[in-house]
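This report refers to the structure that appears directly beneath it.
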Amino acid sequence: MGVTAEARGEREAGERRCWLVKSEPTTFSFDALLAADERTTPWDGVRNYQARNFMRDEMRVGDAVIFYHSNATPPGAVGLAEVASPPRPDPTQFDEGSRYADPTSDPADPRWFLVDVRAVRALPRMVTLQEIKAHPELNEMLVARRGNRLSVMPVACAHLDVLVALAERGDDGRDAAA
DNA sequence: GCCAACGTTGGC
DNA sequence: GCCAACGTTGGC
């Protein structure tokens, strides 16, 4: 027996993992994802090693994703999505015309990776950053931490669940479905 | 528009 | 390996 999968940093079979991705709505909104072909888009252009590592090494097809609008008024979580593909090299790194081109990346050993992200459903209402910060549980979320600039980050699935439940209540605390 | 926080780059 | 300079992110 010996070392567990967890101790090796691997995932138990069936283990649920959750994530948060950020996008500026003026660049690519959740509505744009809902309108996209197959409600899916390659999450390209990520040029941060930590965020890349999450996509390349840890995300799995079917993982739940919170879609967050950054640089918005107000910023906040607006939708649910899922990881829709295994990781693959981000083609924009080799596209000279792309703002994401990276001439130092070797096609035989690509530096940047992406996964496809598919929209699942919009939240019944936005859960704002302000609300996340004010919530006794959600304020532990990385996205609420000062100075955090990761565009792809892990989220405790318990936090995702709380956030969704919050969205399903009105911002007045009432059941939005009632 | 401002500015704090942070990652990257490059000189040494 | 250190660290100052610089560019970017993102809340406000």
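Here is how names work: the chains are called A, B, and so on, in the same order as the sequence lines, proteins then strands, and each is numbered from 1.
Between A:Met141 atom CE and C:dG11 atom P there is a gap of 13 Å when expressed in whole angstrom units. Atom CZ of A:Arg99 is separated from atom P of C:dG7 by 16 Å (rounded to the nearest Å). Taking atom CD of residue A:Glu131 and atom C1' of nucleotide C:dG11, one finds them 17 Å apart after rounding to whole Å. Separating the CD1 atom of A:Ile132 from the C1' atom of C:dG10 is a distance of 14 Å, rounded to the nearest angstrom. At whole-Å resolution of the value, NZ in A:Lys22 and P in C:dT9 are 10 Å apart. The distance between atom CH2 of A:Trp112 and atom C1' of B:dG7, rounded to the nearest whole Å, is 10 Å. Regarding A:Leu129, its CG atom lies at a distance of 18 Å from the P atom of C:dT9, rounded to whole Å.
Looking only at distances, no side-chain donor or acceptor of A:Arg17 sits under 3.5 Å from a matching main-chain atom of A:Met59. Remark: the backbone N or O of A:Arg111 is paired with a side-chain donor or acceptor of A:Arg52 at under 3.5 angstrom. In this structure, the side chain of A:Asp63 engages the main chain of A:Arg60 through a donor-acceptor pair within 3.5 Å.
The stretch residues 142-153 of chain A touches DNA chain B through A:Arg146, A:Gly147, A:Arg149, each having a heavy atom under 4.0 angstrom from the strand.
Residues A:Asn71 and A:Arg47 each lie close to DNA chain B; by heavy-atom proximity, the contact nearer the 5' end of the strand is made by A:Asn71.
One finds a side-chain N or O of A:Tyr68 lying less than 4.0 angstrom from the OP1 or OP2 phosphate oxygen of C:dG11.
Screening residues 29-127 of chain A for disulfide (SG to SG under 2.5 Å), with sequence neighbours left out, gives no hits.
In this structure, A:Phe67 has its ring center under 6.0 Å from that of A:Trp43.
Paired with A:Glu137 under the rule side-chain contact (heavy atoms from CB on, under 4.5 Å), one option of A:Val162, A:Leu166, A:Asp161, A:Leu163 passes, and it is A:Val162.
Nearest nucleotide to the A:Asn48 side chain, out of C:dC12, B:dG7, C:dG10: B:dG7.
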